[in-house]
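Chain naming here is simple, since letters A, B, ... match the order of the sequence lines and numbering starts at 1 in each. The analysis underlying the following values was restricted to heavy atoms, covering all of them including side chains, and did not include hydrogens, waters or symmetry mates.
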Protein chains: 2
Amino acid sequence: MGRKRTKSGKIRLAEVAELAGVSPITASRFFRNPEALSVAKRTRVESAARELGYVPNLAARALASQRTEVIGVLIPSLTNNVFSDVLRGIYDASEGSRYSIQLSNTRYSILQEEKLLRLFLAQKPAGLIITGIDQTAESRAMLEAADCPIVQIMEIGPNPVDMMIGFSHYDAARAAIRHLFDQGHRRIGFVGARMDPRVQRRLDGYVAAMKDAGLFDQRLIVTTATPTSVTLGGALFADLLAREPDIDAVFCANDDLALGVLFECRRRDVAVPDQIAIVGFNDLEFMASAVPTLTSVRTNRYEMGSTAAAMLIEAIEGKRPERPVLDLGFTVIERQSSLMQRQPGGLRTAEWSPAAQNDSVTNEP
Amino acid sequence: MGRKRTKSGKIRLAEVAELAGVSPITASRFFRNPEALSVAKRTRVESAARELGYVPNLAARALASQRTEVIGVLIPSLTNNVFSDVLRGIYDASEGSRYSIQLSNTRYSILQEEKLLRLFLAQKPAGLIITGIDQTAESRAMLEAADCPIVQIMEIGPNPVDMMIGFSHYDAARAAIRHLFDQGHRRIGFVGARMDPRVQRRLDGYVAAMKDAGLFDQRLIVTTATPTSVTLGGALFADLLAREPDIDAVFCANDDLALGVLFECRRRDVAVPDQIAIVGFNDLEFMASAVPTLTSVRTNRYEMGSTAAAMLIEAIEGKRPERPVLDLGFTVIERQSSLMQRQPGGLRTAEWSPAAQNDSVTNEP
DNA sequence: AGGAACGTTGACAGCGCTACCAGCAACGAC
DNA sequence: GTCGTTGCTGGTAGCGCTGTCAACGTTCCT
């Protein structure tokens with residue numbers, strides 16, 4: 001009776017084919033492209049597979065077809081809330097598809113990223129999602145030589161490797177500062193941590209806005225390479241306040257820092273927003289709940305992840321998007337921490353959509 | 001000249017072997033068990049591999065060896081901070097090993113878990129990390145039949161499938177309540193969300209502690225199946241307070257809820273801890289930074305992840321741990337939000353270590 | 001009616017690696 | 001000196017699947 005089963009007792013494609021009364025290759029096609037089969041054989045194979053509880057062997061498939069059904073994802077941090085939202089989007093969008101996610105953590109190092117990229121590409125992934133637009137020259141070359149679709153996420157920039165989805169951190173920061181100007185603030189501090197490329201571009205946006213208004217002062221900027229935390233936000237703000245007691249607002253490069261600043265204000269009995277206005281970045285869930293509620297720049301992180309994965313899967317399957325670069329925009333969510341006169345509703349938003357926009361404050365260099 | 005290269009231009013093991021002047025199988029052994037080679041051949045293969053930039057084809061390896069070098073990880077949520085810490089531990093511990101992590105999200109559904117488990121096991125993972133001790137009977141059967149090491153994480157219970165690492169949520173909750181008793185609180189509310197099995201066991205611990213003290217009152221408990229959030233913490237607390245205005249403390253099933261409660265207190269001008277004491281669970285970073293600082297039960301999440309992965313890898317390689325069940329314990333971090341008289345140092349801790357412990361409050365049923 | 005075009009199916013030959021077993025030299029025990 | 005025994009190396013034969021191409025009807029066009 002030949003070898004009916006492998007020693008491990010697993011059902012092979014050949015068994016399914018035999019039960020269905022077709023050749024193995026026909027059974028194989030059923031799983032990859034059912035439309036190519038006649039209805040009769042399709043149902044036969046389907047019921048045979050179900051009856052035997054067949055599960056394809058992905059290793060054999062990968063070896064024979066010279067490609068895997070793995071989407072590689074490179075992100076800089078697993079701890080950061082921002083990435084957990086993005087990841088959730090990626091996993092949600094890939095669920096139900098044939099593709100599985102292979103995740104790796106670059107720890108904010110582009111050298112580590114290069115190393116992981118080499119590893120990933122050697123396994124011929126079906127597609128790749130990478131964070132940001134700052135890769136080493138070597139990484140860039142590998143990406144360009146890769147024969148799979150690639151999506152860069154988190155921000156947009158001039159030279160996409162392939163597809164790109166994100167928003168302008170520079171513009172978002174400028175919009176936040178403009179909001180503070182609108183509320184009458186002039187001595188606006190900047191608090192930033194980690195200082196990865198995207199935080200750096202937020203700083204650039206802040207600097208540009210301040211310079212445009214003739215209000216730039218280097219001493220208003222406090223940054224550190226240390227990873228971000230709520231506690232750190234409080235500490236950096238304390239430093240800033242000690243040095244520049246006349247500041248009237250703080251723009252924080254992320255919401256954890258903003259929460260830390262809020263707590264530090266409370267600790268020092270500094271009134272928010274009357275003495276110090278606070279603006280954060282990302283609009284994490286707690287911002288709406290804090291007392292006072294905290295203004296932040298909402299970024300569409302979940303959508304970034306899910307859209308990136310969806311675009312990637314489409315591209316893998318040959319349907320390339322009409323526009324390879326997608327700007328998801330951002331929204332300044334104005335809340336109590338930065339509004340000088342309370343609004344009746346308590347919430348105003350200044351949305352910035354990338355499509356139809358002619359706004360001098362956010363778009364000028 | 002035979003086929004020197006595959007069409008894709010990739011270096012194969014055979015090329016490395018040829019350059020090194022050994023047989024392919026010897027080259028293969030170099031990558032799996034270098035000690036089995038003579039020093040001369042070892043160095044020859046090593047330099048040949050380096051020179052050609054050889055990267056093994058994992059699909060072929062998996063197919064030939066009938067096993068993969070993949071560690072499957074099943075967690076219920078990607079959003080929850082708790083799991084991002086655990087995950088970081090897992091990824092850190094697996095880095096540098098030959099194993100790669102395959103992550104899937106059960107979304108707190110044991111049916112989804114069962115489905116994913118079936119998928120994972122079909123690919124013969126090298127090992128498996130699963131969350132919690134509540135699996136379907138079907139899942140349980142599959143796990144017991146699986147021929148790979150398995151670690152259950154996040155909590156400990158009576159019947160490990162294989163290895164287990166975590167702590168007693170029940171005991172941790174009791175320790176938190178005991179701390180509140182010590183501080184003179186009697187009408188202690190419970191605020192919980194999502195109500196997954198571990199939160200449920202925290203509730204059980206709370207109930208047991210309250211009953212033991214003769215202080216149990218069903219009306220002190222507010223729970224919901226809704227996913228947790230800071231905002232939700234405030235809302236649940238508002239409900240509780242409306243119904244039971246005489247409460248003097250709240251034990252929150254997690255720190256997000258606790259932060260929400262703190263904000264709600266601030267919103268209502270309820271003094272913390274003088275009118276209401278607050279205790280959270282997990283000791284996320286912001287708890288130490290809040291105003292007042294928030295008491296919480298510290299859980300060793302990163303260690304749980306890293307130790308689980310390390311144990312698993314050891315077990316995969318044949319070195320099974322002496323004790324398959326590891327209790328990582330917890331620590332009640334006492335901070336301002338629950339201390340009736342301020343301590344000079346501002347921080348006291350009541351550590352509970354699983355090893356040498358004879359504490360009636362935490363260990364009685 | 002002849003032929004092209006299409007849809008459907010199957011035979012064959014690997015994909016790149018490792019399990020298994022055999023072979024060979026060097027060594028020590030009797 | 002013979003016989004294991006050990007350490008290292010290589011040959012053979014797949015692992016389970018799919019790419020390629022050829023072959024077979026069937027339909028449709030001219």
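- Of the candidate nucleotides C:dC17, D:dG16, D:dG19, D:dG16 has the atom nearest to the side chain of A:A64.
- The two residues A:V55 and B:A122 make their nearest non-hydrogen contact at CG1-CB, 3.3 Å.
- With distances taken from any side-chain atom of A:Q66 to the nucleotides C:dA19, D:dC17, C:dG16, the minimum falls on C:dG16.
- A:D162 is listed as a side-chain neighbour of A:R320, based on a closest heavy-atom distance under 4.5 Å.
- If you take CZ of A:F31 and C1' of D:dG16, they are 13 Å apart, rounded to a whole angstrom.
- As judged by a 4.0 angstrom heavy-atom cut-off over every strand, A:F30 is placed among residues making no nucleic acid contact.
- Between B:Y54 and B:F31, the ring planes lie tilted relative to each other; the angle falls in the 30° to 60° range.
- Checked against C:dT18, D:dC17, C:dG16, the side chain of B:S28 finds its nearest nucleotide in C:dT18.
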*Candidate pair B:F30 and B:R44, rule side chain to side chain contact (heavy atoms under 4.5 Å, CB included), full reasoning*: CA-CA 10 Å; B:F30 168 75; B:R44 295 243 297 284; over 6 Å; no

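- At a threshold of 4.0 angstrom between heavy atoms, the contacts of A:R42 with the nucleic acid are absent.
- There is a side-chain donor-acceptor pair under 3.5 Å between A:T136 and A:E114.
- B:R32 places its CZ atom 14 Å from the C1' atom of D:dC8, with the value rounded to the nearest Å.
- Look at A:R12 and you won't find any side-chain N or O under 4.0 angstrom from OP1 or OP2 of D:dC15.
- We find that CZ of B:R61 is positioned 11 Å from C1' of C:dG16, with the value rounded to whole Å.
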Apply side chain to side chain contact (heavy atoms under 4.5 Å, CB included) to A:L19 and A:E51, showing your working. CA-CA 9 Å; A:L19 180 62; A:E51 186 177 331; 3.9 Å; yes

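- Between the CG atom of B:N33 and the C1' atom of D:dC8 there is a distance of 12 Å, given to the nearest Å.
- Rounded to a whole Å, the CG atom of A:N57 is 17 Å from the P atom of C:dC17.
- Nucleotide D:dC17 holds its C1' atom 13 Å from the CD atom of A:E15, rounded to whole Å.
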For nucleotides 4-11 of chain C, list the nitrogen or oxygen atoms of the protein found under 3.5 Å from its nitrogen or oxygen atoms, one pair per line.
residue, atom, partner, partner atom, Å
C:dT9, OP1, A:S38, OG, 2.8
C:dT9, OP2, A:S38, N, 3.1
C:dG10, OP2, A:S23, N, 3.1
C:dG10, OP2, A:S23, OG, 3.0
C:dG10, OP2, A:T26, OG1, 2.5
C:dG10, O5', A:S23, OG, 3.4
C:dG10, N7, A:R29, NH2, 2.7

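- A 4.5 Å side-chain heavy-atom check between A:R118 and A:E138 finds at least one atom pair inside the cut-off.
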Inset, instruction - Evaluate the side chain to side chain contact (heavy atoms under 4.5 Å, CB included) criterion for residues A:T131 and A:F83: first the C-alpha distance (whole Å), next the side-chain angles of each, then the deciding distance (0.1 Å), finally the verdict. - result: CA-CA 10 Å; A:T131 303; A:F83 291 106; 3.9 Å; yes

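- Between B:Y54 and C:dG16 there is no side-chain polar atom (N or O) within less than 4.0 angstrom of OP1 or OP2.
- Spacing between atom CG of B:L58 and atom C1' of D:dG16 amounts to 17 Å, rounded to whole angstrom units.
- Here B:R67 does not reach the OP1 or OP2 of D:dC15: none of its side-chain N or O atoms lies under 4.0 Å away.
- The backbone N or O of A:R12 sits less than 3.5 Å from a side-chain atom of A:E15, completing a donor-acceptor pair.
- Rounded to whole Å, atom P of C:dG14 lies 14 Å from atom CG of A:L63.
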| message | Quick one, B:S306 with B:D92, criterion side chain to side chain contact (heavy atoms under 4.5 Å, CB included). Give me CA distance, side-chain angles, the key distance, then yes/no. | response | CA-CA 7 Å; B:S306 61; B:D92 282 2; 5.6 Å; no

Listed pairs, N/O of protein and of nucleotides 23-27 of chain C, under 3.5 Å:
none

